[in-house]
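Here is the structure we will look at.
Quick note: numbers below take in every heavy atom, side chains included, and nothing from hydrogens, waters or symmetry partners. By convention in this document, chain letters (A, B, ...) are assigned in the order of the sequence lines, proteins followed by strands, and residues within each chain are numbered from 1.
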There are 2 protein chains.
Amino acid sequence: MSKHQKEITALKEHLGKHQLKCTRQRELILDAFLKQEHITAEAMYHQLAKKDPHLGLATIYRTLNLFCEAGLAQARHFGTQTQYDNVSHKGHHDHLICTDCGKIVEFENCDIERLQEEVAARNGFTIKTHRLELYGLCSRCRH
Amino acid sequence: MSKHQKEITALKEHLGKHQLKCTRQRELILDAFLKQEHITAEAMYHQLAKKDPHLGLATIYRTLNLFCEAGLAQARHFGTQTQYDNVSHKGHHDHLICTDCGKIVEFENCDIERLQEEVAARNGFTIKTHRLELYGLCSRCRH
DNA sequence: ATTGAAATTGATAAATCGTCTCAAAAAGAA
DNA sequence: TTCTTTTTGAGACGATTTATCAATTTCAAT
Ligand SMILES: [Mn+2]
Ligand SMILES: [Mn+2]
Ligand SMILES: [Zn+2]
Ligand SMILES: [Zn+2]
């Protein structure tokens, strides 16, 4: 029994609900993805080339996007590339960033999350993901 | 005396400190930029084509990146494009973005802003700026 | 005002990243 | 097995931004 049974089941459920098929490539990519905290399509392409030299980059992109739709991954634009975060690896969180020393504090605030939902609903949107980053000075750098 | 004298002076100081030159193109682009809250290089290219049909797109990019280095602008990846925000602009707002059609809705929410301050204070931070982007589907794209 | 080194420009090639196309292959229900 | 639908891989393609480079402009020193 795999350590990641919950995620494997979640994906299979998503596949079933959407008339999608369980392929060797999807299983291979899922297996590799669940071992990561976050990865780019390109990095996964090179990593999996050892196991299957014919696995196409387009398939990696398609499958990582599928994971996003199934709720297993979350895409984040980071610099010029897209990072696919493993949602199961760490819960959702946002960031406080010190612009002076670069210190990063992770936080989670349910009230903010709820207000975000309200704002979205008021504008007819359904939120899939979000990004909240607070930039400023940490206590040490303020003095 | 221009309404944006402070920013014009700030740019000239930056130019002087870095052996950069004050060109007609830089003045033209600065003038247009300071009237905007945020703009893409492409949008500015089309906008300025009326005043100078030979102004190159590369010059727009180079100049907007220069404004970032001079502290007048802030680059923000927004979907596939880069938005250059005018940091001197007073009216802060955040964004709802439809991941399907690209629609962008601007919003302000004082309660979220207040909670952000609380989170920051609890962690010893003083917020200078922040970025909040909500990604999802607009009413039309949700079907 | 003239000169000349250094910076800048515009046109366009190139790089980057991700999606689209489509014929062949695979999945899976019957 | 048969048959329909989905998926795949390879590369073309599109969008955005940066690099290249010869010609032009700036500006400080004559
Ligand atoms: Mn959050
Ligand atoms: Mn805000
Ligand atoms: Zn700090
Ligand atoms: Zn939409």
Starting at atom [atom1] of [X], determine the distance to atom [atom2] of [N], rounded to an integer number of angstrom.
| X | N | atom1 | atom2 | answer |
| --- | --- | --- | --- | --- |
| B/Glu69 | D/dT18 | CD | P | 11 Å |
| B/Leu57 | C/dA14 | CG | P | 18 Å |
| A/Asp52 | D/dA10 | CG | C1' | 14 Å |
| B/Leu66 | C/dA7 | CG | P | 14 Å |
| B/His46 | D/dT16 | NE2 | P | 11 Å |
| B/Ile60 | C/dG10 | CD1 | C1' | 11 Å |
| A/Leu15 | C/dA26 | CG | C1' | 15 Å |
| A/Met44 | C/dC17 | CE | C1' | 17 Å |

Check your understanding: B/Leu20 side chain: which of C/dT8, C/dC20, C/dA11 is closest?
Key ->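 Ranking C/dT8, C/dC20, C/dA11 by closest atom to the B/Leu20 side chain puts C/dT8 first.
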Practice item. Among the candidates C/dA11, D/dG9, C/dG28, find the nucleotide nearest to the side-chain atoms of A/Thr59. Key: D/dG9
**Study point:** Distance-only donor-acceptor test (3.5 Å): side chain A/Lys21, base D/dT6
**Key:** no
Practice item. State whether the distance check finds a donor on one side and an acceptor on the other, under 3.5 Å, for side chain A/Arg62 versus base D/dG9. Key: yes
Distance check: side-chain N/O of [X] vs OP1/OP2 of [N], anything under 4.0 Å?
| X | N | answer |
| --- | --- | --- |
| A/Thr80 | C/dT16 | no |
| A/Thr23 | D/dT7 | no |
| A/His54 | D/dA10 | yes |
| A/Arg26 | D/dT7 | yes |
| A/Thr82 | C/dG18 | yes |
| A/Asn65 | C/dG18 | no |
| A/Tyr61 | C/dT19 | no |

Review point. Is the gap between the ring centers of B/His95 and B/His38 under 6.0 Å?
Key: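 So the answer is yes for these two rings.
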Point to revise | B/Phe67-B/Tyr84 aromatic ring centre distance below 6.0 Å | key: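 They do not qualify: ring centres at least 6.0 Å apart.
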Practice item. For B/Gln19, answer base if it contacts any base atom (sugar-phosphate contacts may also be present), sugar-phosphate if it contacts only those atoms, and nothing otherwise; contact means non-hydrogen atoms under 4.0 Å. Key: sugar-phosphate
Practice item. Give one of base, sugar-phosphate or nothing for B/Leu55, where a contact means two heavy atoms less than 4.0 Å apart. Key: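 Here B/Leu55 touches the backbone only, sparing every base.
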Exercise for review: Return the set of residues passing side-chain hydrogen bond (donor to acceptor under 3.5 Å, both in side chains) with B/Arg142 (not counting sequence neighbours), or none when no residue passes.
Suggested key: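 Testing B/Arg142 for side-chain hydrogen bond (donor to acceptor under 3.5 Å, both in side chains), a comparison that skips the adjacent residues, returns A/Thr126.
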Point to revise | Check: A/Tyr45/A/Gln47 side-chain N/O donor and acceptor closer than 3.5 Å | key: no
Exercise for review: Verify whether one side chain among B/His93 and B/Glu37 offers a donor that lies under 3.5 Å from an acceptor in the other.
Suggested key: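 The criterion, which ignores hydrogens and geometry beyond distance, is satisfied for B/Glu37 and B/His93.
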Point to revise | Pairing of B/Arg24 and B/Asp52 as salt bridge, 4.0 angstrom limit | key: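 Looking at B/Arg24 and B/Asp52, the cut-off is met.
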**Study point:** Residue mapping more 5' on DNA chain D - nearest nucleotide basis, B/Gln81 or A/Arg24
**Key:** A/Arg24
